[in-house]
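I have placed the structure first, in the form of structure tokens, so that the comments after it can refer back to it.
First listed ligand is number 1; within each ligand, the first listed atom is number 1. All of these numbers come straight from a predicted model, not from anything done at the bench.
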Amino acid sequence: MSEITLQSPAKLNLYLKVINKRPDGFHNIVTLFERIDLFDDLSFCSKQNEGIKIFCDHPHVPIGPKNLVYKAAKMLKEDFKVKGGVEIRINKRIPVAAGLAGGSSNGATALMGLNKVWKLGLSREKLLPYARRLGSDVAFFLYNCSWGLGTSRGDEIEGLKLKAKLWHILVVPRIKIYSRDVYSRHKLQLTKRNDNVNILIRNLSNGNILGLGSLLSNDLEIDVVKICPKLLDLKEKLKSFNSLGVMVSGSGPSVFGVTATKKEAQEIAKSLSKRFSQVFVVRTL
Ligand code: ATP
């Protein structure tokens, strides 16, 4: 029996453009992922008996077959005829259904953790199809990189070597928004706009963060705000603190600001903590 503990980080999307709807019902997108230092911990303990057992003390995280960690374990166990089972403990810190991809990250971490404790010896290429079966955001977390450009469903990943390490103020309102609801409301924009992702990537690669505000972009924001109009107030509040750019992450409701320094993020956090219970100062990992 072996036991390991791995960190499972969250992500932000600094850019998300919806290209079109696919015949399979998903959307083709272009997105810039940023891995941030807000983590869940996952502990894996291989067992001689056959069961897959998940433990998690968060009330909104399923511990049965709907958990992405459970699904990851079931797929690998079946496909590689693993003898014996596993107990996996999830220590949740990433807010759930918040646009931070906590569940997806847990799914990817489970694939990597089980690959080790079950000694499967699978490469990332071999794990990628399992990540894609779990969900569109899972593949990014198989890459050991701070930044990734996601295309197709967001699951074709190009790991990017960018110099930038950003500080963020991250506010997570206590409402749950599911990405499927946001995408189902989304109306494709017929007018073509400039594709700013390359300019954004160039600025980040040069460590130039001053012009970031005008380059952050999220096509889903308009739909998220329709579901929760109060997010506009939150965005305005964050902007009033002079942060360098403010945006909803992914399918929301998390809203983040880019700040020039850790101190600035901490000062904004102190002020916002009076009104919001889930306020974090986070950095590119
Ligand atoms: P989505 O875009 O799918 O809504 P998200 O990043 O906004 O994802 P997640 O924290 O991944 O939000 O959770 C979405 C849902 O996934 C949860 O409500 C929960 O029911 C389910 N889920 C399954 N496995 C997990 C897990 N390991 N951790 C958190 N949620 C999980």
Hey, is [X] touching ligand 1 through its side chain, its backbone, both or neither, going by heavy atoms under 4.0 Å?
X	result
Asn106	side chain
Ala98	backbone
Lys92	side chain
Ile94	neither
Val96	both

Problem - Option nearest atom 12 (O) of ligand 1 (shortest heavy-atom distance, choices Ala101, Ser104, Ala97, Gly64) - result: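 Comparing heavy atoms across Ala101, Ser104, Ala97, Gly64, the nearest one to atom 12 (O) of ligand 1 lies in Ala97.
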Handout entry: Shortest reach to atom 21 (C) of ligand 1 by a heavy atom, considering only Gly250, Pro62, Gly135, Gly103
Key =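 Shortest heavy-atom distance from atom 21 (C) of ligand 1: Pro62.
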Practice task
Ignoring hydrogens and angles, state whether a donor on the side chain of Ser43 or Arg89 is under 3.5 Å from an acceptor on the partner side chain.
Solution key: no
Exercise for the section: Please determine, by modelled atom types, if Glu34 and Thr284 share a side-chain donor-acceptor pair under 3.5 angstrom. Expected result: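 Note: Glu34 and Thr284 side chains meet the donor-acceptor criterion.
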Exercise for the section: Answer yes or no for Lys176: is there a heavy-atom contact with ligand 1 below 4.0 Å? Expected result: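 No heavy atom of Lys176 comes that close to ligand 1.
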Taking atom [atom1] of [X] as the centre, does the number of heavy atoms from other residues, nucleotides or ligands within less than 6.0 Å exceed 12?
X	atom1	result
Leu120	CG	yes
Asp181	CG	yes
Ile19	CD1	yes
Lys53	NZ	no

Exercise for the section: Answer yes or no: is there an ion pair linking Lys239 with Glu236, defined by an N-O contact shorter than 4.0 Å? Expected result: yes
Could you find the nearest protein heavy atom to [atom] and give me its residue, atom name and distance?
atom	value
atom 24 (N) of ligand 1	Leu68 N, 3.1 Å
atom 1 (P) of ligand 1	Ser179 OG, 3.4 Å
atom 18 (O) of ligand 1	Tyr178 CE2, 3.4 Å

Should you measure from each heavy atom of [X], which atoms of ligand 1 turn up under 4.0 Å away?
X	value
Lys66	23 (C)
Gly102	6 (O), 10 (O), 11 (O)
Ser251	2 (O)
Leu100	6 (O)
Val61	26 (C), 28 (N), 29 (C)
His60	19 (C), 20 (O)

Exercise for the section: Using distance alone, determine whether Gly99 and ligand 1 share an N or O pair under 3.5 Å. Expected result: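 Among all N and O atoms of Gly99, at least one is under 3.5 Å from an N or O of ligand 1.
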Exercise for the section: Please determine if Asn67 has a nitrogen or oxygen closer than 3.5 Å to a nitrogen or oxygen of ligand 1. Expected result: yes
Practice task
Verify, without hydrogens or angle tests, whether Asn218 (side chain) and Val248 (backbone) share a donor-acceptor contact under 3.5 angstrom.
Solution key: yes
Handout entry: Sidechain-backbone polar pair: Lys165 side chain, Leu285 backbone, donor-acceptor under 3.5 Å
Key =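 Present.
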Handout entry: Heavy-atom side-chain proximity of Leu166 to Leu244 below 4.5 angstrom
Key =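 Counting from C-beta outward, Leu166 and Leu244 never come under 4.5 Å.
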Practice task
Taking side chain to side chain donor-acceptor pair (under 3.5 Å) as the test, write out the residues that go with Lys235, two or more places apart.
Solution key: Glu221
Handout entry: Heavy atom of protein closer than 4.0 angstrom to atom 8 (O) of ligand 1
Key =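 Protein heavy atoms within 4.0 Å of atom 8 (O) of ligand 1 - there are none.
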Problem - Protein non-hydrogen atom found under 4.0 Å from atom 16 (O) of ligand 1 - result: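 No.
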Problem - side-chain hydrogen bond (donor to acceptor under 3.5 Å, both in side chains) partners of residues 93-118, not counting sequence neighbours, each pair once - result: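 Non-adjacent pairs meeting side-chain hydrogen bond (donor to acceptor under 3.5 Å, both in side chains): Ser8-Ser105, Ser8-Asn106, Ser8-Thr109, Asp40-Asn106, Asp41-Arg93, Lys92-Asn106.
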Exercise for the section: Check step by step if side chain to side chain contact (heavy atoms under 4.5 Å, CB included) holds for Ile201 and Tyr15. Expected result: CA-CA 10 Å; Ile201 289 171; Tyr15 183 95; over 6 Å; no
